[in-house]
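These notes are about the structure you will find just below.
All chains are named by letter (A, B, ...) in the order of the sequence lines, taking the proteins before the strands, and each is independently numbered beginning at 1.
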Amino acid sequence: MAERKYRPGEVEGKWRQVWEDRGLFRAPDVPGPEHCYVLEMFPYPSGRLHMGHVRNYAIGDAVARFRRMRGATVLHPMGWDAFGLPAEQAAIERGLDPAEWTFGNIAQMRSQLRLLGLSYDWTREVTTCVPEYYRWEQLVFVRMQQAGLAYRRKSLVNWSEALQTVLANEQVIDGRDYKLGEPVVQRDLEQWFFRTTAYAERLLAGLDALEGKWPERVLLEQRARIGKSVGAEIAFPLEKPVAGEKAIVVFTTRPDTLFGVTFMSLAAEHPLAIEFARGTEREREVRAFVERVRGEDKRRRVAEDHVKEGVFTGARCVNPATGEHVPIFIADFVLMDYGTGAVMAVPAHDQRDFELARKYDLPIRVVIRPPDGTLDPATMEAAYAGEGVQVASGEFDGLHNTEGMRRIAEWLRTRGRGGPAVSYRLRDWCVSRQRYWGCPIPMIHCPGCGIVPVPESDLPVVLPRDVAFQAHGGSPLARHPAFPNVACPRCREPARRDLDTLDTFVESSWYFLRYLDPAWDGGIARPDRVLGWMAVDLYIGGIEHAVGHLMYARFYHMMLKDLGFLPPGTPDEPFERLLTQGMVTKETHYTLDDAGNPVWHYPEDVEDGRSRIDGRPVQVGRVEKMSKSRRNVVGLEAFVERYGADTARLFALFAAPPEKDLEWRDDGVEGCWRFLARVWRIVHEAAAAPAGGGEPVPFDELAPEWQAVTRMVHRTIRRVTHDIDARLHFNTALAAIMELTNAIAAAPPPSASEPPGAGAARREASDALLRLLSPFAPHLCDELWETLGGAGTTLEAGWPRFDPAIAAAETVTIAVQVGGKLRGQVELPAGSGEEETVAAARAEPNVARHLEGRRVVRTVFVPGRLVNFVVK
RNA sequence: GCCGGAGUGGCGGAACCGGCAGACGCGCCGGACUCAAAAUCCGGUGGGCUUUCACGCCCGUGAGGGUUCGAGUCCCUCCUCCGGCACCA
């Protein structure tokens, strides 16, 4: 009988069709009692799926299929984060229509995704750039504005000249934008903000509940981003009121050092900065300083070797504790957007204040005495920021400074001069973008009424399609003949629409809710579905979203609940468990050009160590993240053509644990391919076996070699179940499956004279193997399932069960140590007691040899594991 | 600077609670099949010593120290790499 060879191309398409025809992946609207929402971060439709996507979706799909086989109703959807800059770039550079470009890419990527056989419920597909989606975002925006959670404010924002738009703080990395890496400058512009700061405490508290369920690293980064500081606010009355202000308010984490304040520092951006000097002889100097600092590059300002500078404003304020009058400076290190933009300066106990005091010869007053002695202001070389005892602090002298903090803050409160306060590093989220391809902000600017929301009955504000693009012409919406002009909904006079669009991170802050009810025209999603499915049980995506998307989505979800868009009882946190997968990398190849710069090569352009392009010798470069520019990308279609989707999925899961980086290696891929081909052969052999010992017999009556195989089957089921379910470690699950495969292959070959039950045991082993492997390589497994005569698909067949009695070892290998060193092993029946185990251990020849002439002072017995004879 | 994480064969990685280090895969070596190759199958593979073989012994998880009958795992010091934050008052 001619054995069929494993050709994925011949089976994969067939099974995808079967799955689709049977609707196997369709999720019910309201879930069953056992349910699971598995979600992978949806992609931007760039047009090409890369191996990073493959890995992400292979992980999610393995879990989704596994949970389905275990009997859960599973929601596993996919969609498109379809607004964004590349579409607009294509329009500007190549004259394409952003919508057409986007939808074309979506079609292309959808077919690539289908090629992988991922178990998505495609009836729930969501695309963010259609009005049916973003209309709800506009409604939410209007309600947010009415609730004061969305507001417009003029402030310093990050402006990218290259991208021609403002950016959120999370989108600026080291002073450069997150897309192109071009410089970002600070500009004073009026923009829309979401009041994320109102949720700082809740966002922080929520992280505690995610402990153990989210990667520690993400929790740490979010905590750092929120940056909670506990301290006090203190009002310093001005000698002379300025611009209507009678006091300067500072935030400090060190109220205990209040008696050591010898001057005051304001940010250059502080509204009163220039006011103090206005009309005095200092005005010119102060103005010059303020303007210089404001214009300075932010990165230079924080550079290592930057020398702190300041300027005296000429004004003074009063220390509420000492009554002392201290000078007010403007200092270049004070940030306007943290605290109040004003800092009380305590040179003895803060390094920055110390440096400024030394430079401008300002007094230094010690008010905290360190445990190991005293400080001399005249000779100290650095500020002392540690703990100690209050000195020169009036009635607080002698207190430990941690107590001093509390008491002084309280003392201020009772006198109406401030009191305990908390400050956060988190800023409000700047959401307006001066770009076309995004969700229009549903607001109207009326000369008479000011900012007026678009009436809810007029929503959605549809993004016009008939626009013209220019490279540097600002938003095309402004040039649209009709779009900007609108009658004010309040006074009916001519008014102008807001021409900005929303940050695309707003769309991705709630798409997981829309999957629950993608076509509903009554809101985001019906309450029973939200209550049924939320929260997402497992969310999988890249670590790069640790503080951006993952923080925005948490905020937005909490806020939607507060505004009544989600029913009471919805969990506060949208993502119950988070898996951040590592990057997919590959080695690079390059030649050096005349200037010594690397010229990156595709592997297929390398022949016998030389480049086919420039003929130069090719060198192997570093292993780097797959990218077009490095030419180390593995193309999906060609790969699937050659190896099939199952091999791609298998490799993505086997080569590394999911949270680590994964190096794509051709020989590793070959290994996965060989494994699948081996499974194919083994199962075909089992299927073609003559019916010798075909009928099943009880385990106890099986021949020993088949008992061993059967025991292996049950243990493997236990191991794989645990590895997927509890640990999400697919690499070890697959290693266990490979071991089972090896055991099956090593079992006696089929013959007509097999012992009773052998054929059935062989079949049982193949049956289990296919079911265990099917979340990882579903096409192959379903084909072989059919070969074995199974009904339907592995998914419908369900996850195999193990019998703990069979999985339990009949014998165990006990390690025997003498003095902590391994000296032998003994085989004993499982569950043997201490007495018999120790006796057997002593009897082991090599052990006996090592015990000879020595006195055993103690015997350590670990049941089922080891015996250690402690000798003298 | 501060806060994390990680260092295990030639390589990716395993060892879940302190109990046989190196599972599984790659690579490599040897063999079978073949006219030959590919494919496949079988065996070996941390280093060293000993030995005809089998066995046996020593060393070994970045370095050094400690706790323990026993440490890749816990503690201390240090080195290296990676990540985050970085004038946050």
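Looking at A/Asn846, its side chain does come within 3.5 Å of a backbone N or O of A/Arg823 through a donor-acceptor pair. A/Arg55 places a side-chain N or O within donor-acceptor distance of the main-chain N or O of A/Gly582, the cut-off being under 3.5 Å. Under the 3.5 Å distance criterion, the side-chain polar atoms of A/Asn632 are matched with a main-chain donor or acceptor of A/Lys586. Between the A/Glu221 side chain and the A/Val218 main chain, no donor and acceptor come within less than 3.5 Å of each other.
What separates CG of A/Leu822 from P of B/A21 is a distance of 6 Å, to the nearest Å. The separation between A/Arg865 atom CZ and B/A21 atom C1' is 14 Å, rounded to whole Å. In this structure, A/Asn846 atom CG and B/C58 atom C1' are separated by 14 Å, rounded to whole Å. Taking atom CD on A/Gln222 and atom C1' on B/G4, their separation rounds to 15 Å, with Å as the unit. Atom CZ of A/Arg681 and atom C1' of B/A39 are 9 Å apart (whole Å). If you measure from atom CG of A/Asp661 to atom C1' of B/G13, you get 14 Å, rounded to the nearest angstrom. In this structure, A/Met336 places its CE atom 17 Å from P of B/C87, rounding to the nearest Å. Rounded to whole Å, the distance from CG on A/Leu740 to P on B/G25 is 12 Å.
Taking the charged nitrogens against the carboxylate oxygens, A/Asp353 and A/Lys308 have no contact shorter than 4.0 Å, which rules out a salt bridge. Ion pairing between a basic and an acidic side chain is recognised when a charged N comes within 4.0 Å of a carboxylate O; A/Lys625 and A/Glu663 show no such pairing. Under 4.0 Å is where a charged nitrogen must lie from a carboxylate oxygen, and between A/Lys228 and A/Glu201 at least one such pair does. With respect to the salt-bridge test (charged N to carboxylate O, under 4.0 angstrom), the residues A/Arg642 and A/Glu670 qualify.
Within 4.0 Å of A/Leu866, counting heavy atoms only, lies at least one base atom of the nucleic acid. Looking at heavy-atom distances under 4.0 Å, A/Asn742 makes contact with sugar-phosphate atoms alone, never a base. Residue-level contact check: A/Phe675 touches neither bases nor backbone, having no heavy atom under 4.0 Å from any strand. Counting any heavy atom pair closer than 4.0 Å across all strands shown, A/Lys660 reaches sugar-phosphate atoms only and no base atom. Residue A/Gly671 is classed as a sugar-phosphate contact, given heavy-atom separations below 4.0 Å to backbone atoms only. Contacts of A/Ala655 with the nucleic acid, taken as non-hydrogen atoms under 4.0 Å apart, involve only primed sugar atoms and P, OP1 or OP2.
Using a 4.0 Å cut-off, some side-chain N or O of A/His850 falls inside it from OP1 or OP2 of B/C57. Checking the phosphate oxygens (OP1, OP2) of B/C69, a side-chain nitrogen or oxygen of A/Arg858 falls inside 4.0 Å. Taking 4.0 angstrom as the limit, A/Arg719 places none of its side-chain polar atoms (N or O) nearer than this to OP1 or OP2 of B/C16. Taking side-chain N and O atoms only, A/Lys821 has no distance below 4.0 Å to OP1 or OP2 of B/G70. Proximity of A/Asn731 to the phosphate of B/A14: a side-chain N or O atom is located under 4.0 Å from OP1 or OP2. One finds a side-chain N or O of A/Arg674 lying less than 4.0 angstrom from the OP1 or OP2 phosphate oxygen of B/G27. Distances shorter than 4.0 Å separate none of the side-chain N or O atoms of A/Asn868 from OP1 or OP2 on B/C20.
Taking the side chain of A/Arg225 as heavy atoms from C-beta on, and the options B/C42, B/C85, B/G13, the nearest nucleotide is B/C85. With B/C59, B/A86, B/C69 as the choices, the nucleotide that has an atom nearest any side-chain atom of A/Arg425 turns out to be B/A86. Set against B/C24, B/A89, B/G19, the side chain of A/Val860 has B/G19 as its closest nucleotide. Comparing B/C24, B/G19, B/A89 against the side chain of A/Thr253 picks out B/A89 as the nearest. Here the nucleotide nearest the side chain of A/Phe251, chosen from B/G19, B/A14, B/A89, is B/A89. The side chain of A/Thr732 sits closest to B/A15 out of B/A15, B/C88, B/G19. Among the nucleotides B/C20, B/G56, B/A23, the one closest to the side chain of A/Gln825 is B/C20. Checked against B/C20, B/C87, B/C57, the side chain of A/Thr813 finds its nearest nucleotide in B/C20. Out of B/C20, B/C57, B/C59, the shortest distance to the side chain of A/Arg823 is found at B/C57.
Spacing of C1' atoms, B/C28 relative to B/G9, comes out at 13 Å, to the nearest Å. Between B/C53 and B/U61, the distance separating the two P atoms is 29 Å to the nearest Å. Taking atom C1' in both B/G46 and B/U40, one finds a spacing of 29 Å when rounded to whole Å. Rounded to whole Å, the C1' atom of B/C17 lies 10 Å from the corresponding atom of B/U73. Rounded to the nearest Å, the gap between the P atom of B/C49 and that of B/A54 is 16 Å. Remark: the separation of the C1' atoms in B/G25 and B/U80 is 28 Å, to the nearest Å. Comparing B/C76 with B/A71, their C1' atoms sit 15 Å apart, to the nearest whole Å. Comparing the same atom, C1', in B/C20 and in B/G72 gives a spacing of 14 Å after rounding to whole Å.
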Based on Watson-Crick and G-U pairs with both distances under 3.5 Å, what dot-bracket line describes RNA chain B 5' to 3', crossing pairs as [ ] and inter-strand pairs as |?
(((((((..(((......[....)))((((((.......))))))((((......))))..(((((..]....))))))))))))....
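Position along RNA chain B of the nearest nucleotide to A/Tyr424 versus A/Ile814 favours A/Ile814 as the more 5'-ward residue. Take the nearest nucleotide of RNA chain B for A/Glu221 and for A/Arg727: the residue whose nucleotide is more 5' is A/Arg727.
Applying the 90° criterion around 0 to the glycosidic angle, B/G9 comes out syn. Nucleotide B/C17 is shown with a syn base, its glycosidic torsion being within 90° of 0.
Heavy-atom neighbours of A/Arg727 CZ from other residues, nucleotides or ligands within 6.0 Å: above the threshold of 12. Around atom CD of A/Glu211, more than 12 heavy atoms belonging to other residues, nucleotides or ligands sit under 6.0 Å away.
A pairwise comparison of heavy atoms in A/Thr262 and A/Pro327 identifies O-CD, 3.5 Å as the closest pair.
No donor-acceptor contact under 3.5 Å links the side chain of A/Asp667 to the base of B/C26.
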